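Take a look at the structure below.
In what follows, residues are counted from 1 in the order of the sequence shown. What you are looking at is a predicted structure, and each value in this text was computed from that prediction instead of being measured.
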Amino acid sequence: MTGVYPHSLDAKGRLFIPAKLRDELGEVFYVTLSMEKCLTAYSSEGWKALEEKIKAMPRSKQIQMRPLFAHAAKCELDAQGRILLPAALRDFAGLKKNVTVVGDGDVAEFWDTDTWNEIDVIETTPENLAKVFTALDF
């Protein structure tokens with residue numbers, strides 16, 4: 001998934017999912033916590049792969065993964081291409097009104113726009129991009 005898409009939450013906590021990402025996420029997908037102050041959306045196939053990876057872990061490691069499942073929401077697109085984000089997930093990521101939807105490879109991320117703008121400025125410096133390309137052996 002690729003791209004950066006600014007959107008807004010409506011009064012009911014619904015978020016419009018850009019058409020390009022809807023095609024990749026599917027009609028039903030999963031949204032959960034992230035390591036950063038954002039939410040991560042997985043297609044049904046991506047979620048299934050995550051479940052299988054976690055099932056293969058020893059139980060002691062599976063327990064560490066509990067927050068991913070405990071706070072996950074199965075989201076279904078409505079006729080207008082929106083999903084309802086549960087309040088607990090919105091609170092975790094600090095999503096109030098302005099949300100930036102970011103494509104991040106095999107997942108999408110939902111960021112508070114101000115937070116995203118701060119991160120994006122740091123990540124798009126020539127120095128950071130040089131590190132990215134070096135890690136890719138370019």
Side-chain angles (χ1 to χ4, degrees):
M1 292 178 229
T2 60
V4 176
Y5 310 89
H7 288 285
S8 298
L9 286 172
D10 69 11
K12 295 181 181 178
R14 294 177 298 196
L15 177 65
F16 178 79
I17 304 300
K20 184 175 187 290
L21 297 183
R22 286 195 308 260
D23 291 343
E24 297 181 63
L25 286 169
E27 293 291 318
V28 177
F29 56 92
Y30 295 83
V31 177
T32 193
L33 310 176
S34 174
M35 291 188 297
E36 299 176 273
K37 193 166 174 64
C38 69
L39 302 176
T40 303
Y42 295 83
S43 67
S44 290
E45 296 80 18
W47 188 254
K48 183 74 171 162
L50 179 66
E51 286 177 329
E52 292 301 319
K53 186 173 184 174
I54 292 171
K55 281 181 191 176
M57 294 176 171
R59 182 69 183 142
S60 60
K61 294 279 188 196
Q62 289 179 19
I63 290 169
Q64 294 174 339
M65 304 302 137
R66 185 181 297 139
L68 296 178
F69 295 108
H71 297 279
K74 184 177 181 179
C75 296
E76 297 184 39
L77 293 167
D78 67 13
Q80 287 77 40
R82 301 171 300 188
I83 59 167
L84 177 62
L85 284 174
L89 287 176
R90 294 192 313 263
D91 290 345
F92 171 84
L95 305 180
K96 302 275 189 257
K97 180 69 175 161
N98 296 319
V99 176
T100 300
V101 180
V102 178
D104 187 15
D106 60 348
V107 298
E109 297 174 336
F110 305 149
W111 289 85
D112 167 74
T113 296
D114 290 339
T115 303
W116 168 252
N117 289 338
E118 291 171 11
I119 297 284
D120 191 42
V121 165
I122 294 166
E123 291 183 343
T124 56
T125 63
E127 297 81 16
N128 190 64
L129 292 172
K131 290 177 189 175
V132 169
F133 284 107
T134 300
L136 292 170
D137 292 327
F138 280 154

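The shortest non-hydrogen separation linking Leu15 to Ser8 is CD1-O, 4.2 Å. Shortest non-hydrogen contact noted between Val102 and Trp111 is CG2-CD1, 3.8 Å. Scanning both residues, Thr124 and Leu129, for their nearest heavy atoms gives O-CD1, 3.7 Å. Between Gln64 and Pro67, the shortest heavy-atom contact is O-CD, 3.4 Å. Val28 approaches Lys74 most closely through the heavy-atom pair CG1-CE, 3.5 Å.
Using a 4.5 Å heavy-atom threshold, the side chains of Leu89 and Val31 count as touching. Looking at heavy atoms from C-beta onward, Met65 lies in side-chain contact with Met57 at the 4.5 angstrom threshold. Looking at Leu25 and Met1, their side chains come closer than 4.5 Å, going by heavy atoms from C-beta outward. A 4.5 Å side-chain heavy-atom check between Val4 and Val101 finds every atom pair outside the cut-off. Two residues are said to be in side-chain contact when any heavy atoms from C-beta on lie closer than 4.5 Å; Thr2 and Lys20 meet this criterion.
For the salt bridge (Lys or Arg N to Asp or Glu O under 4.0 Å) test, no residue two or more places apart in sequence or in another chain qualifies with Arg22.
In this structure, the side chain of Arg90 engages the main chain of Leu85 through a donor-acceptor pair within 3.5 Å. Checking side-chain atoms of Gln62 against main-chain N and O of Lys55 turns up a donor-acceptor pair under 3.5 Å. With hydrogens and angles disregarded, a donor-acceptor distance shorter than 3.5 Å links the side chain of Asp10 to the backbone of Arg14.
Between the side chains of Lys48 and Ser43, no donor N or O sits under 3.5 Å from an acceptor N or O. Neither side chain, Thr32 nor Thr40, offers a donor N or O lying under 3.5 Å from an acceptor on the other.
Cluster annotation: Val107 is connected to Tyr30 through the hydrophobic network of ILVMFWY side chains, with a link wherever side-chain heavy atoms come within less than 4.5 Å. Hydrophobic cluster membership differs between Tyr42 and Leu95, with clusters built from Ile, Leu, Val, Met, Phe, Trp and Tyr side chains linked at under 4.5 angstrom. Tracing side-chain contacts under 4.5 Å through hydrophobic residues (I, L, V, M, F, W, Y), one reaches Tyr5 starting from Leu9; they form part of the same cluster. Placement of Phe92 and Phe29 within a single hydrophobic cluster is found when ILVMFWY residues are connected by side-chain heavy-atom separations under 4.5 Å, directly or transitively.
Looking at Thr113, Asp112, Thr115 one by one, the single match for side chain to side chain contact (heavy atoms under 4.5 Å, CB included) with Thr100 turns out to be Thr113.
With rounding to the nearest 0.5 angstrom, the CD1 atom of Ile119 is 12.0 Å from the CG atom of Asp114. Interatomic distance, Ile17 CD1 to Ile83 CD1, rounded to the nearest 0.5 Å: 4.0 Å.
Checked against the 6.0 Å centroid criterion, the rings of Phe69 and Trp47 qualify as a close aromatic pair.
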List the atom pairs, with distances to 0.1 Å, where a side-chain N or O of residues 131-138 and a protein N or O form a donor-acceptor pair under 3.5 Å, not counting sequence neighbours.
from	atom 1	to	atom 2	distance (Å)
Thr134	OG1	Ala130	O	2.7

